[in-house]
Amino acid sequence: MDIQYDYEAIVIGSGFGGSINTCRLSKKWPGKVLLLERGKRYPMGSFARSPHDMARNFWNLPQEKRDMPEKLQGEESHGLFDIRNFDHMDAVISAGLGGGSLIYANVFLQPPDEVFDHNWPANAKKDVLQPYYAVAKQVLGARPIPLNDDPRRKIIRTGLFQNFAKADGHESQLLDINVFFGNDFDQPTPIGVQEKNRYGAVQTSCVYCAECDVGCNTHSKNTLDLNYLYVAEHKYQAHIQTQVLAQKIVPIDASGQDNPAMNGEFGYRVYWQDLKDAHKECSALTRRVVVSAGTLGSNELLMRCRDLHKTLPNISQQLGRHFSGNGDFLSFVIDGDKPADPNYGPVITQGTDYNLFKNFDRERAFILEDASYPNFAAWYTEGVKPGASKLQALVRTIRLAFARFVHGISTGHLGYALSSLLKNDLSYTTSVLLCMGLDKGDGVMSLNKDGYLHLKWPYKNSMSLYNAILSAGERFKTWCGGKAFIPMPNWLWPMRRNVTVHSLGGCRLADSPEQGVTSAELATFGQVFGYTGLYVADGSLLPTAVGANPIATISAVSERVAEGITGIAPSADL
């Protein structure tokens with residue numbers, strides 16, 4: 001009998017990998033691609049800002065017995081921020097149409113050649129990926145902050161970090177960021193003026209509000225719902241369902257029946273829950289599946305299919321290995337004698353190189369970026385009186401950090417959770433230091449006793465990196481006359497917990513299932529070993545940390561996955 005497929009492809013997750021593949025595959029098969037996204041749509045002006053709304057802006061499904069902050073447990077909520085607690089590592093991820101792009105720090109940065117070591121298959125080396133980097137950069141509109149005579153375009157902290165870099169003997173450069181300053185890079189549109197971008201979506205020329213990491217209410221960030229997904233839905237009739245949670249992927253046989261013994265040659269049935277309709281179970285038949293639920297989500301879904309549901313029993317035992325937090329490390333320098341003004345401008349503008357791009361040192365390679373936090377957070381900071389003692393304030397800060405204002409891709413925006421440590425005008429002279437680098441990438445993900453993802457992170461193995469970052473922070477404090485240098489509160493002894501917003505690995509590209517989970521062969525790039533038509537496209541593919549902000553590399557490998565599926569070389573003309 002002929003199988004009646006509902007779709008040519010089902011994509012699970014709408015981050016960089018999912019959005020790119022939804023767009024590229026729907027161009028190949030218009031009207032025949034389905035995207036499943038667990039989070040909500042966020043139209044312009046819909047991101048939470050009030051204390052009431054922000055306190056409820058977290059993801060929690062009580063049915064999922066996860067390790068997460070106690071105060072976030074309880075009633076079901078489908079908010080933007082999903083916080084996970086693991087052994088010596090906490091992770092912040094996003095739930096919403098556009099995935100991590102809704103809260104990322106906008107930076108598009110290629111890693112140096114040295115990052116692509118023996119762990120990277122030949123077909124995933126930087127020179128092979130170069131055309132895909134170039135296309136993604138064009139689509140995402142990456143460019144440095146505009147420099148002209150408009151005084152509103154001056155960002156004080158950019159100059160502060162540049163001056164520190166020079167004093168510390170290192171190089172600073174303006175970074176390409178995916179922020180909308182108008183369609184003409186040479187003649188930026190005036191601040192606050194709206195126009196359609198090259199793909200037809202309405203955006204606002206950046207208003208310098210420093211709210212990138214809590215969702216851009218003016219749509220000045222080049223988030224995926226304004227480019228790849230916008231084109232997929234409006235030009236190629238991709239079907240997009242939000243607030244639906246993928247549950248299971250099952251191969252089917254020649255008669256279209258579920259059969260875990262099959263290898264995908266006849267396609268798959270994908271099961272999901274409709275969170276808007278009492279978690280009603282739904283399913284559809286498809287010829288192929290692209291799993292793009294982010295590193296944590298993709299590893300968990302595939303592990304549950306292999307080990308819990310037994311529907312994909314032949315996935316490599318390498319699944320879940322080689323996790324990396326990309327060396328993410330946040331710290332603060334409090335009350336310097338030089339203005340920092342961390343509440344103005346895009347969340348990151350420059351990067352200072354420490355043995356990553358120049359004088360490469362794999363043990364200590366990182367980049368220092370100038371993070372910021374929103375204006376409304378600065379008001380909060382100034383308005384809250386300190387506790388009776390610094391110790392009391394610190395304890396209160398740690399408690400508040402995860403109970404209230406944990407954000408996304410630049411964890412620096414926990415800065416205002418340090419409010420009890422700040423007073424007077426300290427927010428103006430506080431610098432937020434966001435670093436990322438080459439950690440060892442030796443974390444291991446597995447399923448806990450309840451069948452949900454758990455991670456063990458051997459932080460001691462990456463202490464050479466963390467110590468180099470801490471040393472740079474101390475020098476920054478001395479240089480700017482700061483009163484204190486404070487790493488993330490959860491890093492303090494005895495907790496020693498990192499926070500990552502750049503989870504990578506677990507489904508690494510490789511030349512064989514003994515080395516990884518997904519194929520690096522050009523014809524099957526990103527396809528899960530042992531299964532036909534089952535692909536992964538997100539940060540979980542990356543074999544190691546990349547040091548630089550990883551979205552450029554995630555986008556490049558995802559474009560490569562899509563080309564292998566469709567046979568169409570990508571271009572910026574979506």
Side-chain angles (χ1 to χ4, degrees), residues 105 155-165 167-168 210 213 328-345 347-350 352 366 368-407 410-436 466-493 495-499:
I155 301 172
I156 292 174
R157 62 185 156 85
T158 305
L160 178 71
F161 277 73
Q162 289 173 331
N163 291 336
F164 169 70
D168 204 37
D213 284 0
D328 287 359
F329 201 96
L330 171 76
S331 57
F332 310 90
V333 171
I334 306 298
D335 194 16
D337 58 18
K338 299 175 176 63
D341 194 11
N343 315 126
Y344 188 76
V347 66
I348 287 173
T349 63
Q350 70 82 52
T352 301
F366 69 96
L368 166 63
E369 297 175 348
D370 58 310
S372 64
Y373 58 92
N375 276 315
F376 67 79
W379 282 105
Y380 177 86
T381 296
E382 298 299 339
V384 176
K385 300 299 182 183
S389 69
K390 292 295 183 182
L391 178 60
Q392 185 180 32
L394 182 58
V395 171
R396 187 179 177 200
T397 294
I398 294 171
R399 178 173 57 82
L400 286 174
F402 288 108
R404 298 191 64 185
F405 292 113
V406 178
H407 300 157
S410 139
T411 52
H413 307 124
L414 274 165
Y416 55 87
L418 289 171
S419 57
S420 297
L421 295 175
L422 306 179
K423 58 181 178 180
N424 302 326
D425 198 29
L426 294 190
S427 62
Y428 192 74
T429 55
T430 292
S431 296
V432 185
L433 283 58
L434 177 62
C435 296
M436 58 200 73
Y466 300 141
N467 285 333
I469 291 172
L470 290 167
S471 178
E474 290 285 358
R475 294 197 303 275
F476 193 104
K477 182 202 77 170
T478 300
W479 173 78
C480 75
K483 298 296 188 297
F485 168 65
I486 304 175
M488 270 284 280
N490 55 326
W491 175 253
L492 301 178
W493 186 88
M495 292 176 288
R496 286 290 188 263
R497 299 168 72 93
N498 291 103
V499 174

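Scope of the values below: all heavy atoms of this structure, side chains included, with no hydrogens, waters or symmetry mates. Treat the numbers as computed from the prediction; the structure is a model and nothing was measured.
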Could you list the residues that satisfy side chain to side chain contact (heavy atoms under 4.5 Å, CB included) with Asn163, not counting sequence neighbours?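 Checked Asn163 against side chain to side chain contact (heavy atoms under 4.5 Å, CB included); matches are Trp479.
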Checking Asp370 side chain against Ile348 main chain: does a donor-acceptor pair fall under 3.5 Å?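 Such a contact is absent between Asp370 side chain and Ile348 backbone.
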Are [X] and [Y] side-chain neighbours, meaning at least one heavy-atom pair lies under 4.5 Å?
X      : Y      : result
Tyr344 : Ile156 : no
Phe485 : Leu470 : yes
Arg157 : Thr349 : yes

Evaluate Tyr373 against Asn343 for side-chain contact (heavy atoms from CB on, under 4.5 Å), listing each step before the verdict. CA-CA 5 Å; Tyr373 58 92; Asn343 315 126; 3.1 Å; yes
Does the plane of the ring in Phe329 sit parallel, tilted or perpendicular to the ring in Trp491? Use 30° and 60° as the thresholds.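 Perpendicular, since the angle between the ring planes exceeds 60°.
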Within this structure, what is the [atom1]-[atom2] distance for the pair [X] and [Y], rounded to the nearest 0.5 Å?
X      : Y      : atom1 : atom2 : value
Phe161 : Thr352 : CZ    : OG1   : 7.5 Å
Met488 : Leu330 : CE    : CG    : 5.5 Å
Ser431 : Leu160 : OG    : CG    : 4.5 Å

Nearest heavy-atom neighbours spanning Gly481 and Asp337: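 Residues Gly481 and Asp337, closest heavy atoms: CA-OD2, 3.8 Å.
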I need the minimum non-hydrogen distance between Ala371 and Pro342, along with the two atoms involved.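 Looks like O-CB, 4.4 Å.
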Please enumerate all residues that pass salt bridge (charged side-chain N to carboxylate O under 4.0 Å, His left out) together with Lys477, with sequence neighbours excluded.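 In terms of salt bridge (charged side-chain N to carboxylate O under 4.0 Å, His left out), with neighbours along the sequence ignored, Lys477 is linked to Glu474.
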Please test Asn498 against Asp328 for side-chain contact (heavy atoms from CB on, under 4.5 Å), starting from the C-alpha separation and ending with a verdict. CA-CA 8 Å; Asn498 291 103; Asp328 287 359; over 6 Å; no
